[in-house]
Amino acid sequence: MIKKMLLGHNPVSGGRHLGQYFGSMIDLIELQEKYDCYVILDDWMDYVTFPTEKKHLLNRSLFVLNEFLSAGVSSDKVTFGMTSFFSAE
């Protein structure tokens, strides 16, 4: 049985910086080979806090997703999700 790993990031805090790159992204690049990895972009609260900024918030989330992929995280090995896409049911 393969182990699972869940990682969460808040995309509205801005682009990923060196601390996040060295603190979690490099580890994720290595661990994606050994674990069933899931990355959650926790943007739901931002949509509640800034309801008029929906387009900007979606663009920010997609930008952060692109940063993960550009850093070497494989979309074939890692499942990405955004909390704003999940139903409350």
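Computed from heavy atoms alone, side chains included, the values below leave out hydrogens, waters and symmetry copies.
Among residues two or more places apart in sequence or in another chain, the salt bridge (Lys or Arg N to Asp or Glu O under 4.0 Å) test is passed with Lys4 by Asp36. Applying the side-chain contact (heavy atoms from CB on, under 4.5 Å) rule to Lys77 yields the partners Gln32, Glu33, Ser74; only residues at least two apart in sequence or on another chain are considered. Shown here are the side-chain contact (heavy atoms from CB on, under 4.5 Å) partners of Leu6, two or more places apart in sequence or in another chain: Tyr38, Ile40. Every residue meeting the side-chain contact (heavy atoms from CB on, under 4.5 Å) condition with Leu28, not counting sequence neighbours, appears here in chain and number order: Met5, Leu7, Cys37, Val39, Phe68, Val73, Val78.
With hydrogens and angles ignored, the 3.5 Å screen pairs a side-chain donor or acceptor of Asp43 with a backbone N or O of Ser84. The backbone N or O of Thr52 lies less than 3.5 Å from no partner atom in the side chain of Tyr47, so there is not a single donor-acceptor pair.
Distance CG/Leu31 to NZ/Lys34: 6.5 Å, rounded to 0.5 Å. We find the NE2-CZ distance between His9 and Phe80 to be 9.5 Å, quoted to the nearest 0.5 Å.
Nearest heavy-atom pair, Leu41 versus Ser61, reported as atom, atom and distance to 0.1 Å: CD1-O, 3.6 Å.
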Derivation and outcome, side-chain contact (heavy atoms from CB on, under 4.5 Å), residues Thr49 and Met45: CA-CA 6 Å; Thr49 307; Met45 188 60 175; 4.0 Å; yes
As a quick check of understanding, evaluate side-chain contact (heavy atoms from CB on, under 4.5 Å) for Met82 and Asp42, giving each step before the final call. CA-CA 6 Å; Met82 294 190 290; Asp42 186 17; over 6 Å; no
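Side-chain heavy atoms closer than 4.5 Å link hydrophobic residues (I, L, V, M, F, W, Y) into clusters, and following such links, even through other members, never connects Leu62 to Trp44.
Proximity of Phe85 to Leu58: side-chain heavy atoms (C-beta onward) are separated by under 4.5 Å at one or more points.
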